[in-house]
Amino acid sequence: MALYIAKRVGYALITLWILSLIVFFAGQVLPGDPARSILGQLAPQSAINALDHQLGVDRPLLTQYWDWITGFVHGDMGNSYQFRAPVEPYISAALQHSLKLAAVAFVIVVPISILGGVVAALNVGRAPDRIITVLGLSASTVPEFVSGIVVIIVFGIWLDVLPISASWSPGASIPDQVYHLILPSIPLVLILFGYIARMARAGTVEALDSDYARTAVLKGLPRGVVIRRHVLRNSLVPTVTVIATQTGYLIGGLVIVETLFNYQGIGLLIYKAAQEKDFPMLEAGVLSIGIVYMVATLIADFVYSMLNPRIRFGASE
Amino acid sequence: MSAANPPVEAAGALDAGVGQVRRELLHQLLHSKTFVIGAVIVIFWALCALLGSALAPHDPLGQNLLATNQRPSGAHWFGTDQLGRDVFSRVIAGARSILIVAPLATLIGTVLGTALGLAMGYLSGWTDTVASRIVEAVLALPVVIIAFLFVVALGPSPRTLTIVIGFVFTPLIARTVRSAVLSERELDYIAAARLRGERSPYIMFAEILPNVLQPILVEFTVRVGYAIFAVATLSFLGFGIQPPTADWGADISVNYAEITAGFWWETLFPALAIASLVVAVNLIADSISGVLEG
Amino acid sequence: GANSSSSASSGGAPGKPGGTIKAGIITPSGAIDPVTVLDQGGLDMLAQTGEYLCLANSKSQLVPVLAESWSANPAANVWTFKIRQGVKFHNGQPLTADDVVYTYKLQSDPKGKSNALSAFNGIIVPSGVEKVDDFTVAFHLTAPDANFPYVCSSENYNMIILPNNYDSSKWEGSFIGTGPFKLKSYTAKVGASFVRNEAYWGKKALPDATEFTFYDAQQPQILALEAGTIDVVGQFSVQGGQALLNNPKVTVISVRSSAHRELSMRNDQAPFTDPRVRQAVALTLARPDIVQGLFQGKAELGNDSPFAPVFASTDSSVPQRAQDLTKAKQLLQAAGHGSGFSTHLFTETTQEMPAFAQIVKSSAAKIGVDIALTIESPDQYYSKDWLSGIMSMVDYGHRSVPNLFLQAPLQSKGTWNAAHFKNSQYDTLSAQYIAALDLQSQRTVAGKIQNLLLEQTPVIYAYFYNYLAASASNVSGVEPTGIGHLFLFNASKA
Amino acid sequence: MSAAAETMPVPDVALDVANVDVAYRVRGRDRLVLRDVSFHIARGESYGLVGESGSGKSTMALALMRYLPRNGRVRSGAITIDGRDALALGRSDLRRLRAETVSMVYQEPGRALNPSIRVGRQMAEVFEIAGLDRGAAMERSQAMLDKVRIADPAAVMRRYPHQLSGGMLQRVVIAMALASEPSLLVLDEPTTALDATVEAEVLDLVAALRDEFSTSVLFISHNLGVIARMCDRVGVLYAGELVEEGAAAEVFAEPRHPYTVGLLRCIPRRGRRKDHGRLDTIPGFLPQPGHTAEGCIFAPRCALADDRCRTESPPPYAVGPGRTSRCHHHEQAPDLPRETPVDLQAPVVREAGAPVVSLRGVSKTFAYYGERVRGLVDVDLDINPGETLGLVGESGSGKTTLARVLLGLTEPDPGSEVALAGVAVAGDARGRTRAQVKALQIVFQNPDSALNRRHSVRRLVGRALHRLAGLDGEALQARLLELIRSVRMEERHLALRPTQLSGGLKQRVAIARAFAGNPEVVVCDEPTSALDVSVQAAILNLLVDLQSREGVTYLFISHDLGVVRYLSDRIAVLYLGRIMELGTAETVFAGPHHPYTEALLSAVPSIDGTHRERIRLEG
Ligand SMILES: Nc1ncnc2c1ncn2[C@@H]1O[C@H](COP(=O)(O)OP(=O)(O)OP(=O)(O)O)[C@@H](O)[C@H]1O
Ligand SMILES: Nc1ncnc2c1ncn2[C@@H]1O[C@H](COP(=O)(O)OP(=O)(O)OP(=O)(O)O)[C@@H](O)[C@H]1O
Ligand SMILES: [Mg+2]
Ligand SMILES: [Mg+2]
């Protein structure tokens, strides 16, 4: 078990390191130089050169990478070119925002979609199954920009019941923040619903067909108990891991939703950073997303292994 | 062993022949309602993509600056957009880029992902460990950022979209193929091949590949749906085909801002087109995997 | 929406004081540093608490602010500004000539990184800034400039006056200035809030406080205004802003401006080496339709020269170019391109520019000219295609005088001469215009330039669009400027 | 139970199945897999249901538990359990029936228990249904585990299923099944997944508990020996029909249906060896599921069949007290003509000459979740040219590992030495010369896994000929045909893929492939254990034929001692990766033995009912 976890953590660290290499060197394809993008098209070349030197972007790439990555490891994420200030507060604020939105979306979508998946599984091939499957499919295929605009118009403008902007005033209470996050989370809920429900359904169908479910039924246990105690316990565990793999998308992939709802999440932050050639911001942002993603997968792995005695107790016979 | 000694098991095939199995699968597909509905929609859009403006009542590019943002009417079934162009015609003509890019990108991703997945699964060891880490790292990158980098390097175009989506799909498909290969490589026919002295490429492509084609096919059909979604989203961000060519995602992106002004038709119809196409592709994918796996 | 020209709001009955006005503006693209700000969000922030020597108002007239008056010597190469007395910075420190000198030396240092350098370039260097006495500053120009006060106005938006020796890169922490509002809080990427400066030297601001929320796109701002989350949208374009134009609960504030798009054709590359070809393309545009279609009428016709109708010096007797396809075809024929040709237009994804590019494409197609479009992000456009594309279209913001428009984009040595237009007659005329001291002689030269450019058509100027801001209809006194400031000190909520 | 007995007339039968038809709905059509099946089980009786794979045994069991798969349905007939009409029960009655009256145990004990719930908790559920509180239920569970002779039940109850061995698990499952003291216990191949020695223990346990609980038992197996040992009466199921029924001893001693007769002749019994002549076989194939032929279903494969058989379905003829046979010619059945001639040229072992293969100090250690698993420990072994060396041992003893090391598919630990014709060879097949690779081939246990299901027979065998015999073009085609005929298949089979072939045919293809490069040694790793007995016999005959013609050497791995004895010249016994005993077949079977060999031999149930006294191994 400890070995298992240690190996996972080791792998995650290697993955993060590769990720850092990818962002760092891929970021170099961005045209023009950072100083030009800070100072504008009209600035004289001498000023550009001076600023480039000050930013250190005229040093050899490997040196830059080394300085950056060693700084990062020591908790120094570097300075933003755009804001000429440490990147860290921007990243952490945006990350907090993103995590909040992801949390709200998860809190809504996980119960609904698991319920949907289980109900579908219990009715395999019958009307509820078809309806849930097709609805889920359809919901998860509507691009966010379509569903987002629809909910804004319906709930924000016509019905005027929910705030259409996800940004709350400073010092807003947690319930107030959640209240602001309901609308933005709807497109995410729609997209994730079909996906998670599908997983939950597949897992449950498999568990229902298993020998141990048969044992439970043939013991004479009531159906409800069989499902709760024997089926769901095993069928939902893999779903947990699947949910974790969605955190990458939920944290970093919401550029459109964040734009639409004017929400300062990390997706938008790094997208802007890429546009502004703010390398330190871009790199730190992508790496932070990577870290969150890895941590989520690790937690899922951990939960999985806790819920799965086969791993928890090693494989010793 | 002589001719006089007749085979012990005189009867021939137990199971149906390959051709017959294919025919049966097709039969099953054609009798599945979801498949038929999906296929009809996809065929409809494919026709639009092929014939394009020939089917459209108006020139999809024809502007009329004095009749912009007209509501749907007899003359313009879906109304006109902010340059006075016929939305219906643009929806018809807009099928083309997405219907070329999405399957092509998926195909590229599938081919590369299959090759990578085969190598990871079969060669295992270091190849697998290293490739798996890279795959994980790429998967942790937000797609929009990947797309942005490619667009910067290659310029916005359908070709760029194809490459981006193919690139993003490669690791995803590689993961699926890898896990299929992992269970396949434990089978004894692989050992048998090694006992004939076969080389790795032969084993990967001639022995294993045909056996993992089924999950790959299922993955492919499912991925086409995601590809359509992705193409629409990236076109929405302006990474795809350039105006004035009609394109659903791009048309939504230039017009969605006007929904609040009441010009819903400019956005709604391309959005419905996207939704119908993705749902149709998913219906097909669903029934194909149902038939193959069930 | 209800319309108001800016004069209506400034000339209306004064609103009642109090309340908090909430505005949405575009997110500043970087740190708020008076030296480096180069975008609208940033300049909006500077001007909330900072003040200029003078202000170019919505009618392009100069109004004294921190300078009480100014005057030039006859050669127009030494300008003397009288600084207002009794003005205090938010930290209580009084304003003196030292502060002005410090600010101007800082921003005009060619070795510095100031965004204002482009405006000071060739006009003034730090050594030309001279403190005469505690409340007088003299500027010794490197070349005569009759319009120099505009360079010292809000037009040159970086030029808010900083306290002597203030480190501009720390400004984001204090927003120190002399203006009617003081900073309450600022959160990068999110927003800022301000409170009334009770120690203000002039008329006190009406609102108790203002709150700015930053938006990355126009759409959420519009939605926020409609939903009542904000009271004011700092700027919007007709593209995507139709909802505001059509909404009775919204007041649209429209300011005439000289903001425009320049569609350059490479004068040094076939087939655009022939002025007849350039004219032909220009003749295909149905400009009134474009103004209607793209701007719902909230723009003025361009006549293929930078002399916008809003400029006082523009010679309005020069005939307006109109669509004439027959003539265009004849011109092409005469130039030897009777059967048309193919070319390429590069432009950016800014506001209506993609739509305008499509209009150009379809208009040119009517005379057999086939234009392929590349529409890219501003970054890419500027770094790759701006000055090299065979046809390229770029955006120019508002200026109160046409000087800038006449120089860099059109003069033979102009650094932004995307058309690669080299015409000695034009160079002479434009130099004359800039040196002309009085309006009458300016207008005379302007007429000549306008005619020359109509004949040469190196660049197509199809329209000058209004600067648009919007407020909820119960809010009055919102004052934008053509260059993008948003002044809320006169705003009030009914 | 006793209370009920007082108030109700005691039903004389625990289970009565009358004229039951069961169908599965496949692609919109009903596929009949059980037709007109009738039998009953008296109180306290043990009834065996035998039949080859696919004959419908499990379907029968599930039908009476009312737990058919979603697409399955009892079309007609009646099932009465303990006097209650099982098919008419409502949901709660059905639940009560399952909780109180019938229990079922099935093949894979590892999968029958919920992997994520502790064993004790799962057991206790049974008692909780009966109304006990948690504490009492746990106590009773422990007592029950004690009854199934599990050492330290308290500790076992705290374990998760994966922490128990297969035998332990099956005991837990049986304990759970018996906990409610059911009147009927259904056991569907309860020992098929277990080792011979473990199987024997579980069977002993079931027999003992049956006496103790006086439960009726329906015992399902394809293993005639097991049925013979466990059951009072037996029913033989063929393609969904019960073709013969009667007292177990009588049916096995004197079968009255040609199918039963053929089946018994397929099995190498009573110490039969290859030099005694061929095994007999049953021609043809099991009919397709859902077949709808007229007449007797066995007619197409029956040497006695006449026109009547092909048109008229035989009724269950009474052929003795309590015996029935669905054969018009049940009188002639015992004299069924042989399908395969007895004469067989037994292969000659070339006594002279050095061993073809010799292993010296071969060990293999696996790393498994950080633990070291010793697959082979210091094995020394010589295989002589032309002989058949039988390798036996329980599951996990290292038989397959030995084979793979020999072939170069698994690299042995350093220091191990594998020599081919006296020449040391590389541990990995990739490091061996082509001739060395060619010399060693294998027939795997499971032909489904061993044959690439996407390749045709032509390609499967042709590629081997190309690579190993270096043939091409015409020569290849000619040799291909020859080879395919020598395994008694036909040219038309060449175009088919494995999925279109029966298990027996597939194994023939695998054999043909193994012989493509004229190997010196062919390893047969349980080549018949995935096959039904009737097919097994034909494959064994083929292997013997090939050996006598090609002079090849076999390393024959099996856990079926009858088969090993039939085929082998010498036998090696493997236990925990070590060779315990090595000698000629006769000496090994005759003793004196290593204690493990003794345990193994005594564990095997035989049809003939001649048990050795069971030897138990500790540890
Ligand atoms: N769910 C199902 N749908 C369709 N056909 C089925 C289904 N389950 C079993 N069958 C078919 O019914 C027949 C009888 O199957 P069953 O499992 O009862 O056989 P069995 O005698 O238990 O075989 P084995 O010894 O392999 O366990 C087989 O031909 C099988 O393929
Ligand atoms: N790849 C492997 N990794 C780890 N352990 C293995 C591996 N292969 C085999 N083993 C272990 O080695 C031992 C011997 O296995 P082997 O497969 O040789 O047994 P066997 O006698 O063939 O058993 P069976 O009768 O079940 O086929 C077992 O304990 C098994 O768990
Ligand atoms: Mg069975
Ligand atoms: Mg084995």
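Below, chains carry the letters A, B, ... as their sequence lines are ordered, and counting in each starts from 1.
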statement: If you tally heavy-atom pairs under 4.5 Å between each of Ala514(D), Ala429(D), Ala464(D) and chain B, the highest tally belongs to Ala464(D)
- prompt: Which heavy-atom pair separates Ala191(B) from Arg404(D) by the least distance, and what is that distance?
  reply: CB-NH1, 4.4 Å
Smallest separation among heavy atoms of Asp188(B) and Ala450(D), with atom names: CB-CA, 3.7 Å
statement: From the list Gln445(D), His455(D), Gln441(D), Arg301(D), the residue making the most non-hydrogen contacts under 4.5 Å with chain B is His455(D)
- prompt: Cation over ring, Arg453(D) on Tyr189(B), under 6.0 Å and within 45°?
  reply: no
- line: Between the CG atom in Leu195(B) and the CG atom in Leu468(D), the distance rounded to the nearest 0.5 Å is 8.5 Å
- prompt: What residue, out of Arg513(D), Arg432(D), Arg430(D), Arg434(D), has the most heavy-atom pairs lying under 4.5 Å from chain B?
  reply: Arg513(D)
Atom group of Arg459(D) that falls short of 4.5 Å from chain B, counting heavy atoms: side chain
task: Run the salt-bridge test on Glu207(B) and Arg454(D) with the 4.0 Å N-O cut-off and return the result as yes or no.
output: no
4.5 Å side-chain heavy-atom contact, Tyr202(B) and Arg463(D): yes
field: Toward chain D, the part of Ala206(B) with a non-hydrogen atom under 4.5 Å
entry: both
- request: Please report the C-alpha distance between Arg196(B) and Lys438(D) in whole Å, then the side-chain angles of each, then the deciding distance to 0.1 Å, and finally whether the side chain to side chain contact (heavy atoms under 4.5 Å, CB included) criterion is met.
  value: CA-CA 7 Å; Arg196(B) 294 197 301 269; Lys438(D) 203 173 103 169; over 6 Å; no
message: Using side-chain heavy atoms (C-beta onward) and a distance below 4.5 Å, is Asn452(D) in contact with Asn211(B)?
response: yes
task: Check each atom of Asp428(D) against the heavy atoms of chain B and say whether the ones under 4.5 Å are side chain, backbone, both or neither.
output: side chain
message: If I measure from the heavy atoms of chain D, does Glu184(B) come under 4.5 Å with its side chain, its backbone, both, or neither?
response: side chain
